[in-house]
Amino acid sequence: MKTYELPAETKAATGYTHKVILDHTDLTNSSTNTAQTIELLSVAAGDVVHSAAVKVVTHFENTADTAFNSTTLIVGDDGTTNRYVTSTQVNDNDGNKVTYKAHTNTAPHAYTAANTVDAVVTPASGNLAALNAGEVHIFLGVNKLTSL
């Protein structure tokens with residue numbers, strides 16, 4: 001996984017401040033039907049996450065097993081696991097796959113204590129470590145109220 005702070009021009013144009021690249025090699029859980037939580041970004045007290053979006057660059061799949069046809073992604077924190085992006089189908093073999101999804105759950109959230117923004121990836125069958133393709137970009141808009 002790679003996390004980048006976006007350049008000032010991109011921040012001004014889009015409102016997003018961070019980009020996270022998550023690909024199939026980051027999914028290491030080999031337990032069947034078991035979700036994996038991945039910490040995307042640390043946030044401090046006084047940080048506000050005001051927006052989030054997912055762009056599926058390459059849908060997740062196990063190219064040797066077309067029956068492995070459902071993998072979902074949510075983005076949130078330990079208080080509300082889908083606080084920013086609700087369940088999003090990111091598997092290539094499912095008829096309900098999604099390519100783009102924006103902040104769809106709660107309003108912007110201000111943190112009163114340090115936390116992390118997390119992605120939770122869940123297979124409906126099989127194990128995540130068996131995936132051999134897939135990449136998503138997760139965009140986050142974060143403002144630091146302590147800097148204002």
Peer 1: Return a table of donor-acceptor pairs under 3.5 angstrom between the side chains of residues 119-129 and protein atoms on other chains or two or more places apart.
Peer 2:
from, atom 1, to, atom 2, distance (Å)
Asn127, OD1, Ala129, N, 3.1
Asn127, OD1, Ala130, N, 3.0

Peer 1: With Ser31, which residues qualify under side-chain contact (heavy atoms from CB on, under 4.5 Å), at least two apart?
Peer 2: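 Asn29, Thr34.
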Peer 1: Quick one: does Gln89's side chain have a donor or acceptor within less than 3.5 Å of a partner on Asn91's backbone?
Peer 2: yes
Peer 1: Please determine whether side chain to side chain contact (heavy atoms under 4.5 Å, CB included) holds for the pair Leu41 and Leu140, giving the CA-CA distance in whole Å, both sets of side-chain angles, and the decisive distance to 0.1 Å.
Peer 2: CA-CA 9 Å; Leu41 183 70; Leu140 300 167; 3.9 Å; yes
Peer 1: Do any pairs count as a ring-ring contact (aromatic ring centres under 6.0 Å, His included) and have a residue in residues 115-148, sequence neighbours left out, and if so which ones?
Peer 2: Tyr16-Phe139
Peer 1: List the steps, then state whether side chain to side chain contact (heavy atoms under 4.5 Å, CB included) holds for Leu27 with Ile38.
Peer 2: CA-CA 9 Å; Leu27 304 175; Ile38 300 169; 3.6 Å; yes
Peer 1: How long is the straight-line distance from CG of Asp26 back to NZ of Lys2, given to the nearest 0.5 Å?
Peer 2: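 So the gap between those two atoms works out to 9.0 Å.
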Peer 1: Looking at Leu6, is its backbone amide N or carbonyl O close enough to the side chain of Thr10 to form a donor-acceptor pair, meaning the two atoms are under 3.5 Å apart?
Peer 2: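 Looks like no, no N/O pair under 3.5 Å.
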Peer 1: For residues 26-51, which residue pairs qualify under ring-ring contact (aromatic ring centres under 6.0 Å, His included), counting only residues two or more places apart or in two chains?
Peer 2: none
Peer 1: In sequence, state the C-alpha distance, the side-chain angles, and the governing distance for Thr86 and Lys101, and then conclude on side-chain hydrogen bond (donor to acceptor under 3.5 Å, both in side chains).
Peer 2: CA-CA 9 Å; Thr86 57; Lys101 191 166 188 179; 3.1 Å; yes
Peer 1: Under a 3.5 Å cutoff, is there a donor and acceptor pairing between the side chains of Glu5 and Thr17?
Peer 2: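 No - no donor-acceptor pair under 3.5 Å links their side chains.
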Peer 1: On a heavy-atom basis, which atom in Gly15 and which in Ser51 lie closest, and how many Å separate them?
Peer 2: O-OG, 4.2 Å
Peer 1: Return the minimal non-hydrogen interatomic distance between Tyr100 and Lys55, and the atom names on each side.
Peer 2: CE2-CG, 3.6 Å
Peer 1: Are Leu73 and Leu22 packed together at the side-chain level, in the sense that at least one heavy-atom pair is separated by less than 4.5 angstrom?
Peer 2: yes
Peer 1: Report the residues that fulfil side-chain contact (heavy atoms from CB on, under 4.5 Å) with Asp78, sequence neighbours left out, ordered by chain and then residue number.
Peer 2: Asn115
Peer 1: Can you list the steps and then say if Val117 with Val20 is a side chain to side chain contact (heavy atoms under 4.5 Å, CB included)?
Peer 2: CA-CA 11 Å; Val117 176; Val20 180; over 6 Å; no
Peer 1: Just grab all the salt bridge (charged side-chain N to carboxylate O under 4.0 Å, His left out) pairs involving residues 31-42, residues at least two apart or on different chains.
Peer 2: none
Peer 1: Tell me, please, which residues at least two apart from Thr116 pass side-chain hydrogen bond (donor to acceptor under 3.5 Å, both in side chains).
Peer 2: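 With sequence neighbours excluded, Thr116 shows a side-chain hydrogen bond (donor to acceptor under 3.5 Å, both in side chains) to Asp118, given in chain and number order.
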Peer 1: Any sub-3.5 Å donor-acceptor pair from Asp47's side-chain atoms to Ala44's backbone N or O?
Peer 2: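 Yes; judged by distance alone, with no hydrogens or angles, the pair exists.
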Peer 1: If you link I, L, V, M, F, W and Y whenever their side-chain heavy atoms are under 4.5 Å apart, who else ends up in the same group as Ile21?
Peer 2: Tyr4
Peer 1: Excluding sequence neighbours, so at least two apart, what forms side-chain hydrogen bond (donor to acceptor under 3.5 Å, both in side chains) with Ser42?
Peer 2: none
Peer 1: Could you go step by step and tell me if Lys19 and Ile138 meet the side chain to side chain contact (heavy atoms under 4.5 Å, CB included) rule?
Peer 2: CA-CA 6 Å; Lys19 175 182 180 178; Ile138 301 167; over 6 Å; no
Peer 1: Quick one: list whatever passes side-chain contact (heavy atoms from CB on, under 4.5 Å) with Thr81, sequence neighbours left out.
Peer 2: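 Checked Thr81 against side-chain contact (heavy atoms from CB on, under 4.5 Å); matches are Ile74.
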Peer 1: Can you name the salt bridge (charged side-chain N to carboxylate O under 4.0 Å, His left out) partners of Asp77, sequence neighbours left out?
Peer 2: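 For Asp77 the salt bridge (charged side-chain N to carboxylate O under 4.0 Å, His left out) partners, ignoring immediate neighbours, are Arg83.
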Peer 1: Could you tell me which non-hydrogen atom of Asn132 sits nearest to which non-hydrogen atom of Asn62, and how far apart they are?
Peer 2: OD1-CA, 3.5 Å
Peer 1: Could you tell me which non-hydrogen atom of Tyr84 sits nearest to which non-hydrogen atom of His109, and how far apart they are?
Peer 2: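 Here Tyr84 and His109 meet closest at OH-CB, 3.3 Å.
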Peer 1: Test of understanding: with side-chain hydrogen bond (donor to acceptor under 3.5 Å, both in side chains), list the residues that count as partners of Thr25, not counting sequence neighbours.
Peer 2: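 Thr25 satisfies side-chain hydrogen bond (donor to acceptor under 3.5 Å, both in side chains) with Asp23 once adjacent residues are dropped.
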